[in-house]
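Every heavy atom of this structure was used, including side-chain atoms; hydrogens, water molecules and symmetry mates were not.
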Amino acid sequence: MSAPPADGYRSGFACLVGRPNVGKSTLLNALVGEKVAITSAKPQTTRRAIRGVLRRELPDGTPAELVLVDTPGVHRPRTLLGERLNDLVRDSLAEVDVVALCLPADGAVGPGDRRLAEQVADAVGGRSRPRVVVAVTRTDLGRGDDVPERLLQAQRLAAEVGLDVADFVPTSGTRGDGVSALADVLVGHLPEGPPLFPEDQVHDVPVDVLVAELVREAALDGVRDELPHSLAVVTEEIVPREDRDPDRPLTDVLVHVFVERDSQKAIVIGRGGSRLKEVGTRARRGIEGVLGTRVHLDLRVKVAKDWQRDPKQLRRLGF
Ligand SMILES: Nc1nc2c(ncn2[C@@H]2O[C@H](COP(=O)(O)OP(=O)(O)OP(=O)(O)O)[C@@H](O)[C@H]2O)c(=O)[nH]1
């Protein structure tokens with residue numbers, strides 16, 4: 001391996017785009033090597049553009065830093081929240097050096113993928129950047145010839161919408177297959193540039209957001225229909241408990257869980273508070289990992305009527 005040039009450093013941004021639930025957040029976590037984005041079996045889990053950092057050397061030894069942006073799944077918007085999420089994706093596309101278009105191995109390429117590919121082609125607009133990579137995701141769920149079939153479909157789709165795709169990489173975020181190959185490919189497209197994040201930082205998610213997201217992830221498990229979309233979570237307080245033995249610190253965390261209707265509040269709380277208790281227990285483990293202390297978690301469920309359609313409430317909930 002040859003020595004890198006003294007000032008040689010590559011840096012830039014990449015975003016993962018794809019329909020809801022294709023495994024973008026799972027892939028982001030696998031690439032970064034740390035859980036920075038929550039995942040769930042419910043479509044449209046991701047609501048914020050989360051940035052995780054991947055540091056790697058190019059084959060010639062040049063150090064590179066890739067900031068990965070996980071964006072919400074693109075879908076036909078039905079609510080104001082849906083529109084805001086799609087805008088977020090459009091903005092991300094305009095700002096990155098590399099786009100990884102994610103297509104799941106376990107589902108045919110459909111109209112949603114085509115719309116998205118067209119949107120990416122639009123964002124590139126004949127320029128040399130962003131470079132486009134296709135990641136076929138969830139390969140472990142593919143059967144028979146699904147993976148080669150999906151690669152072919154992706155090639156065809158790219159040709160049809162006039163998208164110049166530099167690489168096609170099959171991956172499984174949960175198994176880790178192809179993740180390193182994808183990392184190499186993404187980093188390989190970075191331009192020269194300065195370091196972007198402090199060396200010890202691997203993501204830019206504020207602690208209060210991370211805490212709220214862990215609660216939302218736990219609350220999403222086992223709820224159905226429109227309730228996943230109606231959940232919004234806000235961290236109100238993170239306060240170290242006073243007068244504790246310094247060897248056994250405890251943090252008090254107050255989190256508000258918002259739903260849109262009273263009937264949903266009853267579901268989230270469960271009989272005698274049983275469901276909320278489970279959610280709290282599960283979320284607390286993750287939060288203790290983030291804060292590095294034991295945690296007393298206080299979860300309160302509140303109704304914010306039809307917040308997904310109300311600009312004022314959306315603002316209050318951070319969208
Ligand atoms: N078996 C398998 N499951 C996966 C893989 N990647 C993701 N999943 C599962 O697929 C579901 C969706 O994954 P996410 O990573 O949340 O998908 P997403 O594209 O970020 O979803 P949105 O936030 O809705 O856009 C979750 O239940 C994941 O556990 C994979 O490689 N293999």
Side-chain angles (χ1 to χ4, degrees), residues 13 15-16 23-42 44-55 65-72 88 173-174 176 179 183 196-223 228 231-259 268 275-302 316-319:
F13 293 82
C15 71
L16 304 173
K24 299 177 295 296
S25 301
T26 305
L27 202 50
L28 174 91
N29 290 338
L31 285 163
V32 172
E34 201 167 295
K35 179 168 167 142
V36 295
I38 64 165
T39 64
S40 92
K42 312 288 178 311
Q44 297 165 36
T45 298
T46 306
R47 287 180 180 163
R48 297 164 201 277
I50 287 170
R51 300 190 299 179
V53 185
L54 167 68
R55 296 184 178 85
E65 180 181 337
L66 175 69
V67 179
L68 277 157
V69 186
D70 181 26
T71 59
L88 194 61
T174 48
V179 171
L196 299 169
F197 271 60
E199 240 174 78
D200 55 353
Q201 201 176 334
V202 296
H203 65 79
D204 71 345
V205 192
V207 167
D208 62 323
V209 173
L210 214 48
V211 165
E213 286 288 89
L214 287 167
V215 172
R216 193 161 66 89
E217 182 176 52
L220 277 172
D221 199 24
V223 295
L231 281 173
V233 181
V234 176
T235 305
E236 294 292 330
E237 265 179 25
I238 300 179
V239 192
R241 177 85 57 95
E242 283 176 13
D243 302 329
R244 287 282 296 186
D245 173 352
D247 292 335
R248 299 184 65 241
L250 177 75
T251 310
D252 284 299
V253 176
L254 172 61
V255 173
H256 285 172
V257 177
F258 291 94
V259 290
V268 170
R275 220 183 144 266
L276 192 62
K277 196 162 165 221
E278 264 171 43
V279 168
T281 306
R282 197 141 7 109
R284 199 182 64 230
R285 275 185 229 125
I287 296 170
E288 289 182 337
V290 169
L291 300 180
T293 71
R294 290 186 54 216
V295 161
H296 175 262
L297 178 60
D298 186 357
L299 288 183
R300 304 211 185 141
V301 184
K302 300 189 168 271
R316 190 159 67 94
L317 295 172
F319 296 103

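Nearest approach of Val279 to Ala218, heavy atoms of both residues: O-CB, 3.7 Å. The nearest pair of heavy atoms linking Ala283 to Leu214 is CB-O, 3.9 Å. Of all non-hydrogen atoms in Leu220 and Pro228, the two that sit nearest each other are CD2-CB, 3.5 Å. Nearest heavy atom pair, residue Val205 against residue His203, reads N-ND1, 3.0 Å. Minimum heavy-atom separation, Leu250 to His296: CD1-N, 3.9 Å. When all heavy atoms are compared, the tightest approach of Arg241 to Asp252 is NE-OD2, 2.6 Å.
Listed by chain and residue number, Asp245 satisfy the side chain to side chain contact (heavy atoms under 4.5 Å, CB included) test with Asp247 (two or more places apart in sequence, or in another chain). With sequence neighbours left out, the side chain to side chain contact (heavy atoms under 4.5 Å, CB included) criterion links Val179 to Leu27, Ala30, Leu31. Partners of Glu237 under the side chain to side chain contact (heavy atoms under 4.5 Å, CB included) rule, at least two apart in sequence or in another chain, are Val239, Leu254. Listed by chain and residue number, Arg300 satisfy the salt bridge (charged side-chain N to carboxylate O under 4.0 Å, His left out) test with Asp298 (two or more places apart in sequence, or in another chain). For Arg244, there are no salt bridge (charged side-chain N to carboxylate O under 4.0 Å, His left out) partners two or more places apart in sequence or in a different chain. In this structure, the side chain to side chain contact (heavy atoms under 4.5 Å, CB included) partners of Glu288, at least two apart in sequence or on a different chain, are Arg284, Arg294, Val295.
Within the 4.5 Å cutoff, the side chain of Leu297 has heavy atoms near those of the Ile287 side chain.
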### Query
Does the side-chain contact (heavy atoms from CB on, under 4.5 Å) test come out yes or no for Val202 and Leu54, once each step is laid out?
CA-CA 7 Å; Val202 296; Leu54 167 68; over 6 Å; no
### Task
Go through Leu16 and Val69 one step at a time and tell me if the side-chain contact (heavy atoms from CB on, under 4.5 Å) criterion holds.
CA-CA 6 Å; Leu16 304 173; Val69 186; over 6 Å; no
#### Entry: Full working for side-chain contact (heavy atoms from CB on, under 4.5 Å) between Leu317 and Phe258
CA-CA 9 Å; Leu317 295 172; Phe258 291 94; 3.5 Å; yes
### Task
Would you check, one step at a time, whether the test side-chain contact (heavy atoms from CB on, under 4.5 Å) holds for Val234 with Val255?
CA-CA 6 Å; Val234 176; Val255 173; over 6 Å; no
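Between the CD1 atom of Ile238 and the OG1 atom of Thr251 there is a distance of 8.0 Å, given to the nearest 0.5 Å. Between Arg51 atom CZ and Leu196 atom CG the span is 9.0 Å, to the nearest 0.5 Å. Atom-to-atom distance recorded for Asn29:CG and Lys24:NZ is 12.5 Å, nearest 0.5 angstrom. Annotation: the span from Leu66 atom CG to Phe13 atom CZ amounts to 9.5 Å, rounded to 0.5 Å.
If you check the side chains of Thr26 and Thr174, you find no donor sitting under 3.5 Å from an acceptor.
Side-chain N or O atoms of Glu65 include none that pairs as donor or acceptor with a backbone N or O of Val53 at under 3.5 Å.
Using a 4.0 Å cut-off between charged side-chain N and carboxylate O, Glu278 and Arg275 make no salt bridge.
Within a 6.0 Å radius of CD in Gln201, other residues, nucleotides and ligands contribute more than 12 heavy atoms.
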